Amino acid sequence: KMLTNQALFFISVSAAVCLLGPTILALYMIRKHRASWKAFLVGAIVFIVTQPLIRIPLLTNLGFTAWFSLFTQSHMVLYLLLLALSAGIFEEVGRFLGFRFLLKDKLRWENGIVFGLGHGGAEAIMLVGLNYLMILITAAGGQTIDSLVGIAPYMFLVGGLERVLAVTLHVGMTMLVLYAVKLKKWIYLLYAVLFHTIIDCVALLKTQFGWTIWQTEGYLAVFAIIAVLIIIKLKKRITENNNSLLP
């Protein structure tokens, strides 16, 4: 049995959103607002270095130790909290180092947006985009993945929707870190870590309360709205700071 045309269409939509969406938005920011390609690339590199190259291998290696394996089983809630906190620390400190040392002459709100698009875009490609692309290639070859047959077609849109929310969140967190670096208000780096941790507690909430996919997406949507408000507020503050420095 093959995937339906509707399922394949929804997979294609989500794949396009994940593989192309953030880059297209970054291109618009670069053309329209003279944002920097370097900020976009640094954002992507920070995700790749902090997550696939450092944090995930570290957690994987810890998983092979007897004490950590026992800890994850006997203290599941604490373990999931630590997972959320570690993601916040690694990624937000990575963003901080990116701005502090690689983009210190590009601390404008436009570059905060494209940095977040690069960071969230890299995550979207690695977590969803490439997987959905492989499904499409497999289907084009006349094969199917048995585990996917029977899934309601609209569910394949959820991957794309979640990445839209996640990229929005990444932009919001990036603006917090940019503001911290630009105005040397280091408390905003802590805010970014805490915000990231609370968002990633969604895995804990799913496990503890048996949340459905829609409850999960709703949780992320609430914080995505907060992220948009953060972006608007900090864009204004950073612009006002730039204007105050003009002769």
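No experiment lies behind these values; they were computed from the predicted model shown.
- When all heavy atoms of A124 and C18 are compared, the pair lying nearest together is O-CB, 3.7 Å.
- Counting only heavy atoms from C-beta outward, the side chains of M134 and L130 never approach each other to under 4.5 Å.
- For the side chain to side chain contact (heavy atoms under 4.5 Å, CB included) test, residues two or more places apart in sequence or in another chain that qualify with V222 are I226.
- The hydrophobic cluster containing L204 does not contain I199, counting ILVMFWY residues as joined when their side-chain heavy atoms lie under 4.5 angstrom apart, directly or transitively.
- By the 30° and 60° cut-offs, the orientation of the rings of W37 relative to F40 is perpendicular.
- Shortest non-hydrogen contact noted between G159 and S14 is C-OG, 4.3 Å.
- Looking at C201 and L80, their side chains never come closer than 4.5 Å, going by heavy atoms from C-beta outward.
- Remark: I187 CD1 to L176 CG distance equals 11.0 Å, nearest 0.5 Å.
- Tracing side-chain contacts under 4.5 Å through hydrophobic residues (I, L, V, M, F, W, Y), one reaches I113 starting from F96; they form part of the same cluster.
- Here E123 pairs with R163 in a salt bridge; the nearest charged N to carboxylate O distance falls below 4.0 Å.
- Rounded to the nearest 0.5 angstrom, R100 CZ and L178 CG are separated by 13.0 Å.
- For F10, there are no ring pair (Phe, Tyr, Trp, His ring centres under 6.0 Å) partners two or more places apart in sequence or in a different chain.
- Side-chain heavy atoms closer than 4.5 Å link hydrophobic residues (I, L, V, M, F, W, Y) into clusters, and following such links, even through other members, never connects V17 to L20.
- Between N242 and K182, the side chains place a donor N or O and an acceptor N or O closer than 3.5 Å (distance only, hydrogens not considered).
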Item to check | Test side-chain contact (heavy atoms from CB on, under 4.5 Å) applied to L85 and V193, step by step | outcome: CA-CA 7 Å; L85 178 60; V193 172; 4.2 Å; yes

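- L133 has its side chain within reach of L19: a pair of non-hydrogen atoms, C-beta onward, lies under 4.5 Å apart.
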Checklist entry - Which is it for F71 and L82 under the side-chain contact (heavy atoms from CB on, under 4.5 Å) test, yes or no, and what are the steps along the way? => result CA-CA 11 Å; F71 168 74; L82 286 174; 3.7 Å; yes

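- In this structure, E91 has no salt bridge (charged side-chain N to carboxylate O under 4.0 Å, His left out) partners at least two apart in sequence or on a different chain.
- Between W186 and K184 there is a side-chain heavy-atom pair separated by less than 4.5 Å.
- Taking a 4.5 Å side-chain heavy-atom cut-off between Ile, Leu, Val, Met, Phe, Trp and Tyr, the cluster of I232 extends to V228.
- The two residues M155 and I151 have their closest heavy-atom pair at CB-CG2, 3.7 Å.
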Item to check | Test side-chain contact (heavy atoms from CB on, under 4.5 Å) applied to Y188 and L183, step by step | outcome: CA-CA 10 Å; Y188 279 81; L183 278 81; over 6 Å; no

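- Residues satisfying the salt bridge (charged side-chain N to carboxylate O under 4.0 Å, His left out) criterion with E162, sequence neighbours excluded, are absent altogether.
- Both L107 and V93 are assigned to one and the same hydrophobic cluster, defined by single-linkage of ILVMFWY side chains at heavy-atom distances under 4.5 Å.
- When hydrophobic residues (I, L, V, M, F, W, Y) are linked wherever their side-chain heavy atoms come within less than 4.5 Å, the members clustered with L58 are I45, F47, I48, V49, L53, I54, F90, M126.
- Nearest heavy atom pair, residue T168 against residue A224, reads CG2-O, 3.7 Å.
- For N5, the CG atom is loosely surrounded, since the number of other residues' heavy atoms within 6.0 Å does not exceed 12.
- Linking ILVMFWY residues whenever their side-chain heavy atoms come closer than 4.5 Å, directly or via other members, places I231 and L165 in the same cluster.
- For residues 206-228, the pairs satisfying ring-ring contact (aromatic ring centres under 6.0 Å, His included) are F195-F223, W211-Y219, Y219-F223, with sequence neighbours left out.
- Using a 4.5 Å heavy-atom cutoff, the side chains of V177 and M173 are not in contact.
- Atoms CG and CG, from L103 and L41 in turn, are 10.0 Å apart once rounded to the nearest 0.5 Å.
- Screening residues 149-172 for ring-ring contact (aromatic ring centres under 6.0 Å, His included) gives H119-H170 as the qualifying pairs, with residues at least two apart or on separate chains.
- Although no hydrogens or angles enter the test, the distance criterion places no donor-acceptor pair under 3.5 Å between the side chain of N111 and the main chain of A35.
- Evaluation of the ring pair (Phe, Tyr, Trp, His ring centres under 6.0 Å) rule for Y79 yields F68 as partners, not counting sequence neighbours.
- At least one side-chain heavy atom of I238 sits less than 4.5 Å from a side-chain heavy atom of M175.
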Item to check | Step-by-step side-chain contact (heavy atoms from CB on, under 4.5 Å) determination, E217 to I213 | outcome: CA-CA 6 Å; E217 299 308 309; I213 190 73; 3.9 Å; yes

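- Distance alone, capped at 3.5 Å, is enough to place a donor-acceptor pair between the S86 side chain and the L83 backbone.
- When the shell of 6.0 Å around NZ of K38 is examined, it contains more than 12 heavy atoms from other residues, nucleotides or ligands.
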Just list the side-chain donor-acceptor pairs under 3.5 Å for residues 22-34, sequence neighbours left out, or say none.
none

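- With sequence neighbours excluded, no residue forms a salt bridge (charged side-chain N to carboxylate O under 4.0 Å, His left out) with R55.
- With sequence neighbours excluded, the residues satisfying side chain to side chain contact (heavy atoms under 4.5 Å, CB included) with I135 are L3, I11, Y132, I145, L148.
- Side-chain atoms of T65 do not come within 3.5 Å of backbone N or O of N61 as any donor-acceptor pair.
- To the nearest 0.5 Å, atom CG of residue L234 and atom CG of residue L229 are 10.5 Å apart.
- Scanning all heavy atoms of the two residues, the minimum distance from A203 to T207 falls at O-OG1, 2.8 Å.
- L136 and S12 make their closest contact through CD2-OG, 3.5 Å (heavy atoms, listed as atom of the first residue, atom of the second, distance).
- To the nearest 0.5 Å, atoms OG1 (T212) and CD (Q215) are separated by 4.0 Å.
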Item to check | Test salt bridge (Lys or Arg N to Asp or Glu O under 4.0 Å) applied to R95 and E92, step by step | outcome: CA-CA 5 Å; R95 280 190 244 261; E92 302 316 315; 2.8 Å; yes

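- By the 4.5 Å heavy-atom criterion applied to side chains, F99 and V42 are not counted as neighbours.
- Aromatic rings from Y179 and W109 are positioned such that their centres are separated by 6.0 Å or more.
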